[in-house]
K.L.:
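The structure is given below, and queries will be raised subsequently.
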Number of protein chains: 2
Amino acid sequence: MPQPTTAPIGVVLARTAKTAARAFDHALAAAGGSQPIWQILISLKTTPVANQRELADAVGVQGATLTHHLNGMEAAGLVTRRRDPANRRVHLVELTPEGEQLFLRLASAAIAHDERMRKGLTDTEIAQLADLLTRLAHNVTDS
Amino acid sequence: MPQPTTAPIGVVLARTAKTAARAFDHALAAAGGSQPIWQILISLKTTPVANQRELADAVGVQGATLTHHLNGMEAAGLVTRRRDPANRRVHLVELTPEGEQLFLRLASAAIAHDERMRKGLTDTEIAQLADLLTRLAHNVTDS
DNA sequence: TATTGTTATACTCTATAACTATA
DNA sequence: TATAGTTATAGAGTATAACAATA
């Protein structure tokens, strides 16, 4: 009788992600950061965002959640917020030199983490994995 | 100049896992559960554990965190805890009929979620993915 | 003393609802 | 009225430290 024979990929994915996320969390913490801070920094550096709403979308959190993190980051001297003269409703978020430095440190930690994770896997396998993960994610995306 | 050319797999993995985890969280919540409850139920059903310490390890949390969840599950009538007569330090955790029912409901939700996620992927690809993820996780595991 | 588990407490991340400022 | 963002509040998950019970 034909039955689905393969293992529940969701379980494997969840377990792997949990393990990887914890290891990465520790690496980020050791470098003076955290997951949300890293996500915000990398978004600021790589994605052109017009306002905080778009930044929140890029990071994958609600606007109020982003505000919460930006408050902490501003208090820590990592970012500045100033109103856009052209549209004073908009708050422009910019990295300070300290923010740039932390970005570099966290990027190093992320690269080291990546190299550790992919040890024993070929570039072809990594590309395959990335492709499969992307297709998986697409299946559970609403948009 | 030879440079690492492939994308940071950690980023792809983190993004995919976040998306998948959120979708799964919603599915579990709709079925009356949550991730930790599901992990505890599935561990109780599939892994023979001698005590809560082992159960906590299986779930991947600290003992106190497990106690926290078991308190809630016991209050909800999903599990019972009684002392082991042979070693009264040990608390035996057992599923109630309600716990069994919830396990079945969450299992259905997990299966549905899995089928949704793997749409468009062949069994071979899923097996490949599981293998790659397992190797990745192994690389960041301390043990 | 060592082991098993609980309680007390606190921290991080996230979210929703109500609010302020600006257009 | 609509849009951008903040504040207030709350809830879930996790952790560490101190404790109680048992061996």
Side-chain angles (χ1 to χ4, degrees), chain A residues 14 17-19 21-26 28-30 32-41 43-44 49-76 79-94, chain B residues 14-15 17-19 21-30 32-41 43-44 49-76 79-94:
Chain A
K18 187 175 191 175
T19 304
R22 290 217 177 160
F24 191 35
D25 284 350
H26 290 154
L28 289 176
S34 67
Q35 270 284 3
I37 287 177
W38 168 240
Q39 290 303 321
I40 290 168
L41 289 178
S43 293
L44 285 174
V49 288
N51 53 42
Q52 285 189 199
R53 173 78 179 277
E54 288 186 17
L55 182 56
D57 283 350
V59 174
V61 297
Q62 293 301 116
T65 302
L66 177 65
T67 295
H68 167 75
H69 291 303
L70 288 179
N71 286 346
M73 292 174 73
E74 192 171 34
V79 299
T80 57
R81 280 181 286 189
R82 60 187 179 84
R83 290 185 180 275
D84 183 348
N87 179 349
R88 289 181 45 77
R89 286 176 302 191
V90 171
H91 289 204
L92 299 174
V93 181
E94 285 162 347
Chain B
R15 190 162 43 215
K18 187 173 190 175
T19 303
R22 290 216 177 161
F24 191 34
D25 284 350
H26 289 155
L28 288 177
S34 68
Q35 271 283 4
I37 288 176
W38 168 239
Q39 292 301 322
I40 290 168
L41 290 177
S43 293
L44 286 175
V49 289
N51 52 43
Q52 284 188 200
R53 174 78 178 278
E54 289 186 17
L55 182 56
D57 283 350
V59 174
V61 296
Q62 293 301 115
T65 302
L66 177 65
T67 295
H68 168 75
H69 291 303
L70 288 179
N71 286 347
M73 292 174 74
E74 192 170 35
V79 300
T80 57
R81 278 181 287 189
R82 59 187 179 86
R83 290 185 180 274
D84 183 349
N87 179 350
R88 288 181 47 75
R89 285 177 301 191
V90 172
H91 289 205
L92 299 173
V93 181
E94 285 162 346

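Letters A, B, ... mirror the listed sequences (proteins, then strands); counts begin at 1.
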K.L.:
Mind calculating the distance between CD (A/Q35) and C1' (C/dC13) to the nearest angstrom?
P.N.:
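Result: 11 Å.
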K.L.:
Let me know the distance between NE2 of A/H91 and P of D/dA4, rounded to the nearest Å.
P.N.:
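Nearest whole value for this atom pair: 12 Å.
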K.L.:
If only side-chain N and O atoms of A/H69 are considered, is one of them under 4.0 Å from the OP1 or OP2 phosphate oxygen of C/dT12?
P.N.:
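It does not, given that no N or O in the side chain of A/H69 lies less than 4.0 Å from OP1 or OP2 of C/dT12.
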K.L.:
From CG of A/L66 over to P of D/dA4, roughly how many Å is that when rounded to an integer?
P.N.:
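That distance rounds to 14 Å.
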K.L.:
What's the closest nucleotide to the A/H68 side chain, out of C/dT14, C/dT6, D/dT7?
P.N.:
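Nearest nucleotide to the side chain: C/dT14.
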K.L.:
Do the side-chain N or O atoms of B/N71 get closer than 4.0 angstrom to the phosphate oxygens (OP1, OP2) of C/dT7?
P.N.:
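It does, given that an N or O in the side chain of B/N71 lies less than 4.0 Å from OP1 or OP2 of C/dT7.
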K.L.:
Check the phosphate of C/dT16 against A/Q62, side-chain N and O only, distance under 4.0 Å to OP1 or OP2. Yes or no?
P.N.:
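A/Q62 to C/dT16 OP1/OP2: side-chain N or O found under 4.0 Å.
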K.L.:
Look at the side chain of A/R88 and decide which nucleotide, out of D/dT7, D/dA15, C/dT22, has an atom nearest to it.
P.N.:
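So the side chain of A/R88 is nearest to C/dT22.
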K.L.:
What integer distance in Å separates B/D84:CG from C/dT3:C1'?
P.N.:
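Going from B/D84 (CG) to C/dT3 (C1'), I get 14 Å.
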K.L.:
Quick one: B/R22 CZ to C/dC13 P, roughly how many Å, whole number?
P.N.:
13 Å
K.L.:
Determine: side-chain N/O of A/R83 to OP1/OP2 of C/dA23, distance under 4.0 Å, yes or no.
P.N.:
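Indeed not, no polar side-chain atom of A/R83 lies that close.
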K.L.:
Quick one: are A/L41 and A/M73 in side-chain contact, heavy atoms under 4.5 Å?
P.N.:
yes
K.L.:
For the residue pair B/L70 and B/R81, what are the closest heavy atoms and their distance?
P.N.:
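Minimum heavy-atom contact is CB-NH1, 3.6 Å.
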K.L.:
Can you measure A/L70 atom CG to D/dG5 atom C1' for me and round it to whole angstrom units?
P.N.:
10 Å
K.L.:
Rounded to the nearest 0.5 Å, what's the gap from CZ on B/R15 to CD on A/Q39? Could you check?
P.N.:
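Interatomic distance, B/R15 CZ to A/Q39 CD, rounded to 0.5 Å: 8.5 Å.
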K.L.:
D/dT7, D/dT16, C/dG5: which one has an atom nearest the side-chain heavy atoms of B/Q52?
P.N.:
C/dG5
K.L.:
Closer to the 5' end of DNA chain D via nearest nucleotide, is it B/G63 or B/S34?
P.N.:
B/S34
K.L.:
In whole angstrom, what separates B/N87's CG from C/dG5's C1'?
P.N.:
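Going from B/N87 (CG) to C/dG5 (C1'), I get 11 Å.
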K.L.:
May I ask you to evaluate whether A/T65 reaches the phosphate of C/dT14, defined as a side-chain N or O under 4.0 Å from OP1 or OP2?
P.N.:
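No, because none of the side-chain N or O atoms of A/T65 sits under 4.0 Å from OP1 or OP2 of C/dT14.
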K.L.:
Decide yes or no for B/E54 and B/N51: does some side-chain heavy atom of the first lie under 4.5 Å from some side-chain heavy atom of the second?
P.N.:
yes
K.L.:
For D/dA20, does either OP1 or OP2 sit under 4.0 Å from a side-chain N or O belonging to B/R89?
P.N.:
no
K.L.:
Looking only at side-chain atoms of A/R53, point me to the closest of C/dA8, C/dA23, D/dG5.
P.N.:
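Taking heavy atoms from C-beta onward, the closest nucleotide is D/dG5.
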K.L.:
How long is the line joining CG of B/N51 and P of D/dA21, in whole Å?
P.N.:
20 Å
K.L.:
By nearest nucleotide on DNA chain C, pick out whichever of A/P36 and B/A50 is the more 5' one.
P.N.:
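So the residue in question is B/A50.
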K.L.:
For a quick test of reading the model, state the closest non-hydrogen atom pair linking A/S43 to A/V59 and the distance between them.
P.N.:
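Closest heavy-atom pair between A/S43 and A/V59: OG-CG2, 3.8 Å.
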